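The block underneath contains the structure these notes are about, expressed in structure tokens.
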Amino acid sequence: MSNISADAEWAQSGMTIAGGHGRGDFTNQIKDPYGIFVDDDETVVIADLGNDRIIQWKKDNTNGQIVAGNNGEGNRLNQLNSPTHVLIDKETGSLIICDRDNRRIVRWSHQSGEKEGEILIDSIDCHGLALDDQKYLYVSDIVKDEVIRYKLGEKNGTRVAGGGGKGARLNQLSYPAHLFVDRQQNIYVSDHNNHRVVKWEKNAKEGIIVAGGQGEGNALTQLKDPHGLFVDILGTLYVADLGNNRVMRWRAGEKQGTVIAGGNGKGSRENQFDGPNDLSFDRHGNLYVLDGKNYRVQRFSIK
């Protein structure tokens, strides 16, 4: 993606580019969506948790295309059970999916019509996923409250964040919901129950609070149930502040953030959210927000 200026602004009204037709299982609908991935061609891939499927919207299409699952809730290789996150491994052109309630990570060819996936990692209480430039896969475990790093294709991983049990100390996490890994392999974790985002530098034994951490609330120094994350090459952090129905920007080293989208109360208007679960940017710097309980993805154009 292109560099985002630290002072960039976005349109305050979003455009619905996926879903927006209520909660359901038609191809123009999503149901309890959880994670998104925006590809280089501005295709939006959605972990459609409530429909046990992965669905994608190509740019300017009114209907989505199912690319994994959609064979009912189950644990067969052609099924998913409450998928929370999806990534695209560009080298192999495959989807990597956290198949949460099956306690596994699966890989699925990113081709329409592919009938089943393969298990990459099993017996893990996965939630968030990230993939770095070195082909390492990062997985947050919401039962052990830690982040594990795997060499892609290998079954055994290394703990790289958390490890002190559930809690609020700097070596602890409490429900690590979403992940982001930068080019230096620094790991950013949305520490949901601690209402903060924590950065774990490579090989660190404890994290650094980079957003929130001032208790649950809606002040500019606070977060409430943070979820999706994105960090640009300047180290600026963007957070889907789910409980406050807003997206916030935290510049590196600053103690408070700014609201860049939403923050206008819970609702379904073009400038409102109801449970924003995840966010991403395209290569032009446009902002995409997965607006969970409005069952839609909103795109906010960069000014």
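Remember, predicted model here, so these are calculated numbers, not experimental data. For the single chain, residues carry numbers from 1 onward in sequence order. Below, each value reflects all heavy atoms present in this structure, side chains not excepted, and no hydrogens, waters or symmetry copies.
- Panel note: side chain Glu154, backbone Lys151; no donor-acceptor pair is recorded below 3.5 Å.
- The main-chain N or O of Ile260 is found under 3.5 Å from a side-chain atom of Gln12 such that the two form a donor-acceptor pair.
- At a threshold of 4.5 Å between non-hydrogen side-chain atoms, the residues Ser190 and Val239 do not count as touching.
- Listed for the Arg53 side chain is a donor-acceptor partner under 3.5 Å among the backbone atoms of Asp25.
- Rounded to the nearest 0.5 angstrom, Asn63 CG and Ile55 CD1 are separated by 8.0 Å.
- A distance of 13.0 Å separates NZ of Lys58 from CD1 of Ile17, quoted to the nearest 0.5 Å.
- Taking the six-membered ring wherever Trp is involved, the centroid distance between the rings of Tyr288 and Phe300 does not fall below 6.0 Å.
- Side-chain atoms of Val86 and Ile46, non-hydrogen and from C-beta on, never get closer than 4.5 Å to each other.
- Checking side-chain atoms of Arg196 against main-chain N and O of Ala168 turns up a donor-acceptor pair under 3.5 Å.
- Note that CD1 of Ile88 is 15.0 Å distant from CH2 of Trp108, once rounded to the nearest 0.5 Å.
- In this structure, Asp225 contributes its side chain and Asn193 its backbone to no donor-acceptor pair below 3.5 Å.
- Grouping the Ile, Leu, Val, Met, Phe, Trp and Tyr side chains by contacts below 4.5 angstrom, directly or via other members, places Leu287 with Val259.
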Step-by-step side-chain contact (heavy atoms from CB on, under 4.5 Å) determination, Asp40 to Lys90: CA-CA 10 Å; Asp40 292 339; Lys90 294 172 185 174; 3.3 Å; yes

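- Counting heavy atoms from C-beta outward, Ile121 and Arg104 have side chains that stay 4.5 Å or more apart.
- With contacts defined as side-chain heavy-atom distances shorter than 4.5 Å, the pair Leu129/Ile97 does not qualify.
- A donor-acceptor contact shorter than 3.5 Å links the side chain of Ser140 to the backbone of Gly128.
- The shortest side-chain heavy-atom distance between Met248 and Leu220 falls under the 4.5 Å cut-off.
- In terms of heavy atoms, Leu173 sits closest to Trp200 at CD2-NE1, 4.1 Å.
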Chi angles and distances behind the side-chain hydrogen bond (donor to acceptor under 3.5 Å, both in side chains) call for Asn186, Glu201: CA-CA 4 Å; Asn186 298 311; Glu201 295 179 347; 5.8 Å; no

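- When all heavy atoms of Asn277 and His178 are compared, the closest pair comes out as O-CE1, 3.3 Å.
- Between the side chains of His195 and Gln214, no donor N or O sits under 3.5 Å from an acceptor N or O.
- Put simply, Val38 and Met15 are part of the same group of oily side chains (I, L, V, M, F, W, Y) that touch within less than 4.5 Å, one to the next.
- Of all heavy-atom pairs spanning His127 and His85, the tightest one is O-ND1, 2.5 Å.
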Test log, rule side-chain contact (heavy atoms from CB on, under 4.5 Å), inputs Arg103 and Ile124: CA-CA 5 Å; Arg103 303 185 65 238; Ile124 183 167; 5.7 Å; no

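- Side-chain contact check for Ile148 versus Glu146: some heavy-atom pair is nearer than 4.5 Å.
- Between Gln79 and Glu73, the closest side-chain pair of non-hydrogen atoms is not below 4.5 Å.
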Intermediate values then yes/no, side-chain contact (heavy atoms from CB on, under 4.5 Å), Asp99 and Ile105: CA-CA 6 Å; Asp99 190 11; Ile105 309 289; over 6 Å; no

Step-by-step side-chain hydrogen bond (donor to acceptor under 3.5 Å, both in side chains) determination, Thr43 to Asp41: CA-CA 6 Å; Thr43 296; Asp41 62 0; 2.8 Å; yes

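- Judged purely by atom type and a 3.5 angstrom limit, Lys205 has no side-chain atom pairing as donor or acceptor with the backbone of Ala161.
- Tracing side-chain contacts under 4.5 Å through hydrophobic residues (I, L, V, M, F, W, Y), one reaches Tyr188 starting from Leu279; they form part of the same cluster.
- Note that Arg249 lies outside the cation-pi zone of Tyr238, set by a 6.0 Å cut-off to the ring centre and a 45° limit from the axis.
- We find that Asp122 and Lys155 are not joined by a salt bridge, their nearest charged nitrogen and carboxylate oxygen being 4.0 Å or further apart.
- Residues His21 and Tyr295 keep their aromatic ring centres 6.0 Å or farther apart.
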side-chain hydrogen bond (donor to acceptor under 3.5 Å, both in side chains) between Gln65 and Thr27, worked out: CA-CA 7 Å; Gln65 178 186 27; Thr27 55; over 6 Å; no

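- Nearest heavy atoms, Asn245 versus Asp274: OD1-CA, 3.4 Å.
- Taking the six-membered ring where the residue is Trp, the centroids of Tyr136 and Tyr150 are separated by 6.0 Å or more.
- A salt bridge between Asp7 and Arg251 is present, with a side-chain N of the basic residue lying under 4.0 Å from a carboxylate O of the acidic one.
- No donor-acceptor pair under 3.5 Å is formed between the side chain of Asn75 and the backbone N or O of Asn102.
- Atom CZ of Arg76 is separated from atom CG of Asn71 by 6.5 Å, given to the nearest 0.5 angstrom.
- A salt bridge does not link Asp32 with Lys293: none of the charged nitrogens is closer than 4.0 Å to a carboxylate oxygen.
- At distances below 3.5 Å, not a single donor-acceptor pair connects side-chain atoms of Asp191 with backbone N or O atoms of Tyr175.
- Dense packing is recorded around CD of Glu118, with more than 12 heavy atoms of other residues, nucleotides or ligands lying under 6.0 Å away.
- In this structure, CH2 in Trp10 is found 11.5 Å from OG in Ser301, a value given to the nearest 0.5 Å.
- Between Val106 and Leu80 the shortest side-chain heavy-atom distance falls below 4.5 Å.
- The backbone N or O of Ile302 lies less than 3.5 Å from a partner atom in the side chain of Asn286, making a donor-acceptor pair.
- A donor-acceptor contact under 3.5 angstrom links the side chains of Asp132 and Gln185, judged on distance only.
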Evaluation steps, side-chain contact (heavy atoms from CB on, under 4.5 Å), between Lys202 and Gln184: CA-CA 8 Å; Lys202 191 174 181 180; Gln184 290 74 45; over 6 Å; no

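- Within a 6.0 Å radius of NZ in Lys144, no more than 12 heavy atoms belonging to other residues, nucleotides or ligands are found.
- Both Phe273 and Phe230 are assigned to one and the same hydrophobic cluster, defined by single-linkage of ILVMFWY side chains at heavy-atom distances under 4.5 Å.
- Residues Tyr138 and Leu179 come closest through the heavy atom pair O-CD1, 3.7 Å.
- Between Thr16 and Gly19, the shortest heavy-atom contact is CG2-O, 3.7 Å.
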